Number of protein chains: 2
Amino acid sequence: LMTCSAVSIEKETLISHRPHTFLRETDGLDDGSVRSRFQRMIMEVQDSVCGALEAVDGAGKFKEDAWTRPGGGGGISRVLQDGDVFEKAGVNISVVYGVMPPEAYRAAKANVTDQKSGPVPFFAAGISSVLHPKNPFAPTLHFNYRYFETDAPKDAPGAPRQWWFGGGTDLTPSYIFEEDVKHFHSHRDERRGLGGIFFDDLNDYDQEMLLSFATECANSVVPAYIPIVEKRKNTPFTESHKAWQQLRRGRYIEFNLVYDRGTTFGLKTGGRIESILVSLPLTARWEYDHKPEEGSEEWKLLDACMNPNEWI
Amino acid sequence: LMTCSAVSIEKETLISHRPHTFLRETDGLDDGSVRSRFQRMIMEVQDSVCGALEAVDGAGKFKEDAWTRPGGGGGISRVLQDGDVFEKAGVNISVVYGVMPPEAYRAAKANVTDQKSGPVPFFAAGISSVLHPKNPFAPTLHFNYRYFETDAPKDAPGAPRQWWFGGGTDLTPSYIFEEDVKHFHSHRDERRGLGGIFFDDLNDYDQEMLLSFATECANSVVPAYIPIVEKRKNTPFTESHKAWQQLRRGRYIEFNLVYDRGTTFGLKTGGRIESILVSLPLTARWEYDHKPEEGSEEWKLLDACMNPNEWI
C-alpha cells in the first residue's frame, strides 16, 4: 500500500522493567482495539517462541532489554547468544508511533485530492525474529508479523483512517533436506499461510479475519520449525560443512543489510540499532568468488535458490 | 557535485587476458587525454600496491580476474586471500561507461536552464582497495581514487562537459598505537593530502594539478601503510584481542553495506558483485550490545571513534 520515505522516530530509553503495554494511554484504555489485541498477540508469541527455543537449546537463556520512547511506544528485545543449539536467536517486539510525510500518504492513496493535507501520524506494531542454529544442517528461520495504522489526517475531514497487516515466515537452510522443507510447507494446507509465505498491505478483507490470520501464522512458527531443529541439532558434521554454513551466513548478511526493507528502513530512520542487528549471525565468512563443485550438496542448495521449487 | 539516482551498466564478461586498455577506441587513441592518463595511473598503482603487499605477506599471492563490458569499459580485480599476514586484500580498478538520467544532471548543474536535455553519458575510472591484516594490532586500510566525466549533452549545444576527481585513504585500527596513527598522518605535511583524507567533486583547480594531486595521494598509500603492517604483523596477541578484532570487522561490514555510497551504489546499479564485496573481511562477528570495559584498550578505540582526535 505505501512506502514511507522518511519517518520521525524519537530516541529510545532503556528501562529496567518491561511495562504492561507500550500503547499511549488513550490507546491502551480501549482493550478491545485491534492495536491493543495485536500488541497482546505479539507479546504472547514472543513468550511462546522464546520458551520453545530455550527448551530445545537446553543451555542458552534469553537476555531481555526493554525500552520506551518519550511520546509513547517502545519494545522488548530478547537475545539468546552462543547456546548449545543456537549460535544466535533474536526475538523482538516493538510498538512505534511516528509521523509520515504527506507526500508518502498522497502517493499511497490515489484518491486523495486534497493537496493541502499535512504529515500523517501512524502507528506500527510488530514481532520480528531471526534464529541461527549452530549445526550447519539445521536451517536459519526468519519471521515477522506487523500491523500498521495511519490516523485520519486532521486537515482533511472525511479522509479515512488506513490500516494493513503484513508479515511472513521463511526458512534459509545451508543444506537441503527435502523432508524438512516439506514438513515446513505442509502447514500451508493444514494451517493457512505458513511456510515461505509473505504478505503485505493486506487490508482487503475483514479486519477481524486478518487479525486471526496473522495470529495463526505467528502461532505456526513453533510447530513448523522446532521439529526440524530437534531432528538436526545433533547431526554430525565436518569442518567443510561448517565452512559452507559460514559462507551462507555471509550471503544472509548481504541480503539483510543491503536489500531488506525492514533493516535498512530501521537503520536509516532512527530505530534501535542493537535490536535491528540482532538478526545478524554471531559469525560469518566471505571468500572471493566462491563456487561449490557442480553436483555437490552445496551446489544443490545454490541451484534451489536460483531455480525455485514447488515443495509440496 | 552530483549524485546519480540510477545508471545503466551493462553485464560484464570475464576475459582470460587483461587488455592494454579498457577505453573505447575513440578514447584510447588520444593517449594524452586525462581519461587515458588516469587509467594508466591506476593500473600502475594497482601493480605497485599489490607488489608491496605480496612482499610484506611473504606467502599469499594475488589472484587476478579481468572483465570487459560490451559497450566499452571493464576492470581488473586482484584478491589475496588467507595469506600469512593478510586475511583478505582486494585491489580493484574499473573503467565504466554509463548513462546518467537527465534529472541527476539538472540537479547537479544549477545553471542548466534547458529542461529538455536528455540522458547524459558519463565516464568513470577508479581504483578501490580494502586491506584486512590478520594480526589484530595491524589496522585495516581503505583507499579509493576516481575520475569522473560527463559528455556534453547532445541536445543542449554549448552546455559544458563536466569532470571531477574524488577519493581518499583511511585507516581503521582495532587497537590504537598513537605512533602508528601519527606516522600515517605525518605524510599530510610532507606529501599533501594523505591520511584520513577524503575529497570529492574536486574540479575547482587546474585539471593537470588535480591529476597530479590524485596521483600523489595514490602513490602515498604504500609508504604510509606498509611500515605499520611490517611493525605489527608479528606482535603477539591473545584470543581476546582476536575476538575484539572480529567484532570491529562486523562493525566495518555494517558501515560498508549499509552506508558506503560506493558499495550500495555499485550493488544496486549492476556493478560486478564479487569485485564490490572483496572489501568485506574473510571473517567477522556480531554480539548483541557488546560494550568493552571502561578504560580498557578496546574502550579507548571506541572513544576515539566517537570523539575524533587531531593526531598531529
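Letters A, B, ... are given to chains in the order of the sequence lines, protein chains preceding strands, and every chain is numbered from 1. This structure is a prediction, so every number in the text was calculated from the model and none was measured.
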How many angstroms lie between OG1 in B:T283 and CZ in A:R285, if you round to the nearest 0.5 Å?
-> 7.0 Å

Portion of B:L247 that has a non-hydrogen atom of chain A nearer than 4.5 angstrom = neither

Rounded to the nearest 0.5 angstrom, the CD1-CD1 distance for B:I253 and A:I253 is 6.0 Å

Of the backbone (N, CA, C, O) and the side chain (C-beta and beyond), which part of B:V258 lies under 4.5 Å from a heavy atom of chain A, both, or neither?
-> both

To the nearest 0.5 Å, atom CH2 of A:W286 lies from atom CD of B:E274 at 12.5 Å

Atom CG in B:D65, atom OH in A:Y288: separation rounded to 0.5 Å?
-> 3.5 Å

Would you check if A:L282 and B:E287 make a side-chain contact, meaning some heavy-atom pair closer than 4.5 Å?
-> yes

Is there a side chain to side chain contact (heavy atoms under 4.5 Å, CB included) between B:E254 and A:L277 once you walk through the steps?
-> CA-CA 9 Å; B:E254 181 188 333; A:L277 296 186; 3.1 Å; yes

Verify the neighbour count for atom CD1 of B:I273: are there more than 12 heavy atoms of other residues, nucleotides or ligands below 6.0 Å?
-> no

Is the number of heavy atoms from other residues, nucleotides or ligands within 6.0 Å of CG (A:L14) greater than 12?
-> yes

